[in-house]
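One structure is given below, encoded as structure tokens.
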Amino acid sequence: MKIKNQIWFPVLYIFILTLVLSSILILFGLFTRKRVEDNTRIALERSVLEVLPIDLADKIPTNQVHQLYTKLIRDPDASSGKAFRYIEADSLIAYILPVQGPGFWAAIKGVIGIAVDQKTVTGISFYEQNETPGLGGEIVSQTFRRQFVGKKLGAGKAPLEIRMPAEPIDENSVHAVTGATQTSMRLSKFLNEALLTWQRAVTEKGE
Amino acid sequence: MPGQKNIKNVVLDSLWRDNPIFRQILGICSALAVTNLVLNTMVMGTAVIFTTALSSLTVSLLRRWTPRVVRMMIETLIIAFYVILFDQTLKAYWPDMSRNLGPYVGLIITNCIIMGRAEAFANSNKPGLSFIDGLFSGLGYALVLIAVAMIRELFGMGALLGTPMPFFSSSLWDRWIIMVMPPGAFFTLAIIVWIFRSLRFSKSEQTKEAEK
């Protein structure tokens with residue numbers, strides 16, 4: 001009991017306890033670090049696979065995502081803007097363009113697939129978003145995303161418009177999520193900016 | 001608190017008589033924030049149960065050694081340790097859920113329920129009983145949260161645990177979007193606290209009469 005009454009005892013006590021607890025946390029952090037990094041990469045790779053113009057299983061098992069990705073997808077090159085390339089039998093089938101920007105609450109990150117004609121959209125998918133569940137969060141739903149498949153990128157200032165649910169849509173536009181005007185407007189803004197930049201990049205290279 | 005309490009009393013106090021949310025009005029911040037989907041709420045509840053139970057156990061185990069003057073720091077340290085452990089596990093093994101809950105798992109560190117139990121109970125009780133007290137306090141918190149989440153998800157999205165419910169998902173039900181937005185949490189929680197408190201008080205009055 002004597003040591004407990006020393007004036008320096010609280011300091012020593014905190015020091016030892018902190019040392020023990022932080023060591024455990026650091027060890028656990030090292031142990032899980034690879035998994036955490038893998039999760040982030042797999043989320044992106046899964047999204048890329050989801051926008052390809054091919055039928056894949058609804059939910060690709062996590063352990064196959066990376067394998068499939070390395071088989072089908074090549075990194076961006078000089079002629080593809082900043083888009084990843086989907087190559088099958090040595091020919092380019094589609095571009096997969098990463099898009100990101102501010103959402104209503106936090107950054108939204110996703111990818112959009114565009115066929116080799118540089119016009120037809122093959123799909124859209126988001127791998128990071130923190131929008132209100134049930135409202136803005138619905139951008140990840142099949143209902144919203146399926147609208148994009150087959151749409152054509154227009155030549156105007158907004159290649160792919162996101163319109164209010166009451167307005168009519170054509171082959172260059174889709175409907176926003178009901179009740180999530182803010183999310184939809186912000187998505188529309190950065191999506192179209194990315195598409196314009198990309199269109200400029202690929203046409204310059206093509207000429 | 002005079003003397004040692006028995007297990008039955010501890011359980012009843014934590015779940016009902018002194019429920020952290022509707023009796024002590026503690027832990028409200030996360031109760032408002034993560035209750036728009038039942039699944040998120042269940043994971044959040046699990047995180048709180050895990051942390052209260054184990055931190056109460058640890059605080060109680062160390063109680064003879066911990067100098068009084070630094071006990072609050074020690075408690076915070078222990079609580080933070082368990083919360084980070086849980087957060088890290090979610091990040092590694094359930095990344096989708098970790099993204100859904102955002103910063104709220106980390107914020108459990110500042111959840112007053114846990115600190116409250118450590119201060120009010122674990123500091124002066126045996127480890128086993130402290131563990132049970134922590135476990136059921138966490139459970140008392142989780143149950144109220146799940147009740148709030150069920151109401152919000154059902155009225156706001158017409159679903160429970162993501163499964164569309166009959167009637168509420170049909171066109172007869174106009175989804176109350178405000179329920180999944182932050183204001184919905186205030187209304188729902190206030191009404192639930194009101195109901196539970198009225199139940200609790202009418203019951204305690206009856207017991208008093210019976211004692212006479």
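Note that this is a predicted model, so its numbers are computed, not measured. Labels below follow one simple rule: chain letters A, B, ... track the order of the sequence lines, proteins then strands, and each chain is numbered from 1.
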Residue [X] excluded, over 12 heavy atoms near [atom1] under 6.0 Å:
| X | atom1 | answer |
| --- | --- | --- |
| F186(B) | CZ | no |
| M97(B) | CE | yes |
| R35(A) | CZ | yes |
| M165(B) | CE | yes |

Which heavy atom of [X] sits nearest a heavy atom of [Y], and at what distance?
| X | Y | answer |
| --- | --- | --- |
| P67(B) | P10(A) | CG-CA, 3.8 Å |
| Q88(B) | V36(A) | NE2-CG2, 4.2 Å |
| F9(A) | W65(B) | CE2-O, 3.5 Å |

Practice task
Would you mind listing every salt bridge (Lys or Arg N to Asp or Glu O under 4.0 Å) that reaches into residues 70-84 of chain B, with sequence neighbours excluded?
Solution key: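 Matches after skipping sequence neighbours: R71(B)-E119(B).
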Exercise for the section: Sort out for me which of D96(B), N40(B), L37(B), L62(B) touches chain A most, counting heavy-atom pairs under 4.5 Å. Expected result: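 Maximum pair count with chain A is reached by L62(B).
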Handout entry: Test side chain to side chain contact (heavy atoms under 4.5 Å, CB included) applied to L85(B) and L25(A), step by step
Key = CA-CA 7 Å; L85(B) 214 56; L25(A) 285 182; 3.7 Å; yes
Exercise for the section: Pull out the residues in residues 158-175 of chain A that come under 4.5 Å of chain B, heavy atom to heavy atom, sorted by number. Expected result: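 The list, in residue order, is empty: none.
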Practice task
Test F81(B) against every option in V20(A), I24(A), L17(A) by the side-chain contact (heavy atoms from CB on, under 4.5 Å) rule and name the one that passes.
Solution key: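 Among the candidates, only I24(A) passes.
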Exercise for the section: Heavy-atom distances under 4.5 Å only: say whether T18(A) touches chain B with side chain, backbone, both or neither. Expected result: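 Its backbone and side chain both get close to chain B.
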Handout entry: Contact origin within L135(A) toward chain B - heavy atom pairs under 4.5 Å
Key =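 The side chain, not the backbone.
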Exercise for the section: First locate atom OG of S22(A), then atom CG of L77(B), and finally report the distance between them rounded to the nearest 0.5 Å. Expected result: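 It is 7.0 Å, given to the nearest 0.5 Å.
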Handout entry: side-chain hydrogen bond (donor to acceptor under 3.5 Å, both in side chains) involving K119(A) - partner list, sequence neighbours excluded
Key =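 Checked K119(A) against side-chain hydrogen bond (donor to acceptor under 3.5 Å, both in side chains); zero matches.
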Problem - For S130(B), all residues meeting side-chain hydrogen bond (donor to acceptor under 3.5 Å, both in side chains), sequence neighbours excluded - result: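 Only S60(B) meet the side-chain hydrogen bond (donor to acceptor under 3.5 Å, both in side chains) criterion with S130(B).
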Problem - N39(A) side chain to P95(B) backbone, donor-acceptor under 3.5 Å - result: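 No, because the side chain of N39(A) does not come within donor-acceptor range (under 3.5 Å) of the backbone of P95(B).
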Exercise for the section: Name the region of T66(B), side chain, backbone, both or neither, that has any atom closer than 4.5 Å to a heavy atom of chain A. Expected result: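 Both parts, heavy atoms under 4.5 Å.
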Handout entry: Heavy-atom side-chain contact between I74(B) and I14(A) under 4.5 Å
Key =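 Result yes, sub-4.5 Å side-chain heavy-atom pair found.
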